[in-house]
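Along the sequence shown, residues carry numbers from 1. This is a predicted model, so every value here is computed, not measured. Whatever order the structure lists ligands and atoms in, that order sets their numbers, starting from 1.
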Amino acid sequence: MNPELREWLPQVRSITVLTGAGVSAESGIPTFRDAQTGHWAQHDPMALASPEGFEQDPRTVWRWYQWRRELIARNHPNPAHTALAELENLVEHFTLVTQNVDGFHQLAGSNRVLELHGNIQRNICSQTRQTIADRWISDHRDHEPPPSPHHPRGLARPDVVWFGEALDTAVLQTAFEAAASCELMIVAGTSGTVQPAASLPAMAAENGARLLDINPETGPISALADWHLDGPAATWLPRLVDCLTTP
Ligand code: OAD
């Protein structure tokens, strides 16, 4: 690790982290844009992750999300998630912002997670966006997707943000504030291509934060970053924790 970073890290009092799909890659969850293995290398994002795609073919969309839910249920958080849960207790001001919908950060022990793109485990009504209880879903599991209890034309859909949909304003505002006020922003496992999440690192840098990018590839975030740690998040994030815990 860069000696300057190693020396500075223990003095940092305020860290904001932005994670993306790469952080869950070593848990066996595919990313979106990795060549060959990414979801979007195999599927049209607009068909599976947009309100129009759902309207056109709700069954295919529901089945794809059910498949992803089952994949998540069969897998576990990895050392990257665990390291971030530890970091929360080691830094005075710590905010974890994620684009991931798998819930692995919480499973690993992170207490406060800003989920920019929602959570795949929850369901909402396609018409009213009201939450649908898990019990209702399992009672109507023969329907793909189950009907909504809230609206006669509504269907159950995952509580995730699709292309063309707005993010939760309060969550986004808190994420922007955390980016604008931190000393260090760690960006791990994201291609930095989806807005508005992708603008958080630039906002942090404009407000004087230093940027650390963790990714086996280079991209727009590494170009902006003070440091790029080349490799998997599950290798580098535990090493950062070691810097703070090992004298
Ligand atoms: P992407 O698939 O766009 O990017 C994943 C990034 O993780 C790439 O830059 C990879 O190089 C990197 N990566 C792969 N393996 C890694 C590892 N082991 N450790 C660290 N990095 C690794 O995923 P996101 O940037 O999260 O949105 O995508 C952003 C949004 O686009 C997602 O939240 C999703 C998608 O469409 C919605 O579904 C709304």
Side-chain angles (χ1 to χ4, degrees), residues 17-54 61 64-65 67-69 71-72 75-84 96-105 108 113-122 124 157-168 171-172 175 185-202 211-225 227-240:
V17 180
L18 172 66
T19 63
V23 160
S24 293
E26 280 150 288
S27 293
I29 310 298
T31 64
F32 294 92
R33 292 176 185 78
D34 277 290
Q36 320 290 334
T37 56
H39 291 303
W40 302 153
Q42 289 152 43
H43 305 285
D44 172 10
M46 296 314 281
L48 294 176
S50 78
E52 296 78 17
F54 185 68
V61 175
W64 187 65
Y65 279 92
W67 170 77
R68 286 180 60 195
R69 285 168 170 159
L71 187 66
I72 291 163
N75 287 289
H76 308 281
N78 67 56
H81 300 105
T82 312
L84 289 173
L96 176 54
V97 184
T98 189
Q99 298 165 89
N100 298 347
V101 297
D102 55 32
F104 279 173
H105 285 306
V113 185
L114 297 174
E115 293 182 311
L116 291 179
H117 294 165
N119 191 302
I120 198 171
Q121 306 300 350
R122 292 189 302 259
I124 53 171
R157 55 157 280 186
D159 188 6
V160 299
V161 177
W162 281 335
F163 290 105
E165 292 185 323
L167 279 66
D168 181 294
V171 172
L172 186 60
M185 175 167 250
I186 301 173
V187 186
T190 178
S191 58
T193 50
V194 173
Q195 295 293 356
S199 61
L200 290 168
L211 285 188
L212 166 58
D213 179 46
I214 302 177
N215 200 309
E217 306 287 336
T218 53
I221 308 289
S222 42
L224 199 67
W227 302 283
H228 170 72
L229 297 177
D230 181 357
T235 301
W236 282 113
L237 285 168
R239 285 188 194 163
L240 294 184

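- Relative to the ring axis of W67, R69 does not place its NZ or CZ within 45° and under 6.0 Å from the centre.
- Aromatic rings from H117 and W162 are positioned such that their centres are separated by 6.0 Å or more.
- Between F104 and H81, the ring planes are perpendicular. Angles over 60° get that label, and only those under 30° would be called parallel.
- The backbone N or O of A223 lies less than 3.5 Å from no partner atom in the side chain of H228, so there is not a single donor-acceptor pair.
- Near ligand 1, residues G20, A21, G22, A25, E26, T31, F32, R33, D34, W40, Q99, H117, V161, F163, G189, T190, S191, V194, N215, P216, E217, P232, A233 each place a heavy atom inside the 4.0 Å sphere around the ligand atoms.
- More than 12 heavy atoms of other residues, nucleotides or ligands lie within 6.0 Å of CD in Q195, so this atom counts as buried by the packing criterion.
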Using side chain to side chain contact (heavy atoms under 4.5 Å, CB included), reason through N119 and D159 one step at a time and then give a plain yes or no. CA-CA 6 Å; N119 191 302; D159 188 6; 5.9 Å; no
